[in-house]
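A quick write-up on the structure given underneath.
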There are 2 protein chains.
Amino acid sequence: MSGPTALLATFAEWQTADFDISNCPARDVLDRVGDKWSSLVLLTLAASSQRFSGLNRAVPDISKRMLTQTLRNLERDGFITRHVFPTKPPSVEYRLAPLGHSVVEPLVLLVGCAQANHAAIREARDRFDADAQNS
Amino acid sequence: MSGPTALLATFAEWQTADFDISNCPARDVLDRVGDKWSSLVLLTLAASSQRFSGLNRAVPDISKRMLTQTLRNLERDGFITRHVFPTKPPSVEYRLAPLGHSVVEPLVLLVGCAQANHAAIREARDRFDADAQNS
DNA sequence: CGGTATCCCGAGGGATACTG
DNA sequence: CAGTATCCCTCGGGATACCG
């Protein structure tokens, strides 16, 4: 009953009359999933809790600036929690919150789908680009 | 076997050595899901095939420019197909391709998750912002 | 009807340097 | 170690006008 059919009905609701897109529930999650680093960080933390520098190593090519910003956003939305240990030098551990776990589940499926269809997508893309050339 | 555990192992692979992020399978899908309109268009087409103007009405506030661009990208990646009928005036129908269906499934789950946790996320956000105020 | 072409702005995000 | 601060530049995407 919370299957595709029910959701598509709900989705149809978003198109009725004057729906406020800025308050669209999907955007809250999609905006996080969509930005360049959030999903990578989320999946990394799903594997195991990590410290700032650990994440920095685990997610290749992310800058400290973007890692901080990504972590703040995820923390703000309640997806992860931040734990400071008063050691010297200080260490901070990030963990997936319950809310984070619930979004990681479908995210894992999505990435799994990406894996499975990677080759097909690349082929489709090459075919499309080749056809575009002959015009 | 294609569950979370297996995927997390695969994910760990992305972090070994010199992984080429520009060829990351996840990006192909995540980039489409992430942009402002693709997921909305995909979900609309999952409900039923539609013509250009139909989509323009179904997805509120999207401009013709962005709708065209979104459709082209989705077509390029093989998520949707484009069918031109030589009527007068011309009519074009867009349909979800098999590849599109496979990505819509996890997408539906993700949006369902967004729906379910919408309130919780908003609360977490308000709490975070309130705490930030007292500093 | 189903698009293109052009202009333009603000946000996302990289590079680098500094700090408690 | 775990961040901030600053600079700067690309590019997503809105507005508008035109076209077959």
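None of these values were measured; they are calculated from a predicted model. First the proteins, then the strands, lettered A, B, ... as listed; each starts at 1. Side chains are part of it too, since the values below use all heavy atoms of this structure and drop only hydrogens, waters and symmetry mates.
The side chain to side chain donor-acceptor pair (under 3.5 Å) check on A:S39 picks up nothing, with sequence neighbours excluded. By the side chain to side chain donor-acceptor pair (under 3.5 Å) test, B:R82 pairs with B:Y94, sequence neighbours left out. Partners of A:D35 under the side-chain contact (heavy atoms from CB on, under 4.5 Å) rule, at least two apart in sequence or in another chain, are A:R32, A:S38. Every residue meeting the salt bridge (Lys or Arg N to Asp or Glu O under 4.0 Å) condition with A:E93, not counting sequence neighbours, appears here in chain and number order: A:R95. Residues passing the side chain to side chain donor-acceptor pair (under 3.5 Å) test with A:R127, sequence neighbours excluded: none. Residues passing the side chain to side chain donor-acceptor pair (under 3.5 Å) test with B:D31 are B:R27, sequence neighbours excluded. For A:S91, the side-chain contact (heavy atoms from CB on, under 4.5 Å) criterion is met by A:R51, A:F85, A:T87, not counting sequence neighbours. Considering only residues two or more places apart in sequence or on other chains, A:A97 meets the side-chain contact (heavy atoms from CB on, under 4.5 Å) condition with A:T81.
Side chains of B:I80 and B:L42 form a contact here, defined as non-hydrogen atoms less than 4.5 Å apart. Counting heavy atoms from C-beta on, the side chains of B:D129 and A:R76 come closer than 4.5 Å.
Spacing between atom OH of B:Y94 and atom P of C:dC1 amounts to 14 Å, rounded to whole angstrom units. The interatomic distance linking B:K88 (NZ) with C:dG3 (C1') rounds to 19 Å, in whole Å. Taking atom CD of residue B:Q50 and atom P of nucleotide C:dC1, one finds them 14 Å apart after rounding to whole Å. Rounded to an integer number of Å, the gap from CZ of A:F52 to C1' of C:dG20 is 15 Å. Taking atom CG on B:N56 and atom C1' on C:dT4, their separation rounds to 15 Å, with Å as the unit.
Heavy-atom contacts of chain B under 4.0 Å fall on DNA chain D between two terminal nucleotides, which in 5' to 3' order are D:dG13 to D:dA15.
Taking a pair as Watson-Crick or G-U with both hydrogen-bonding distances under 3.5 Å, the stems of three or more pairs touching DNA chain C are C:1-20 with D:1-20.
At a non-hydrogen distance threshold of 4.0 Å, B:R65, B:M66 from residues 62-83 of chain B come into contact with DNA chain D.
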Would you be so kind as to tabulate the donor-acceptor pairs closer than 3.5 Å made by side chains of residues 67-74 of chain A, with sequence neighbours excluded?
residue, atom, partner, partner atom, Å
A:T68, OG1, A:K64, O, 2.8
A:Q69, OE1, A:R65, NH1, 3.3
A:T70, OG1, A:M66, O, 2.7
A:N73, ND2, A:Q69, O, 3.4

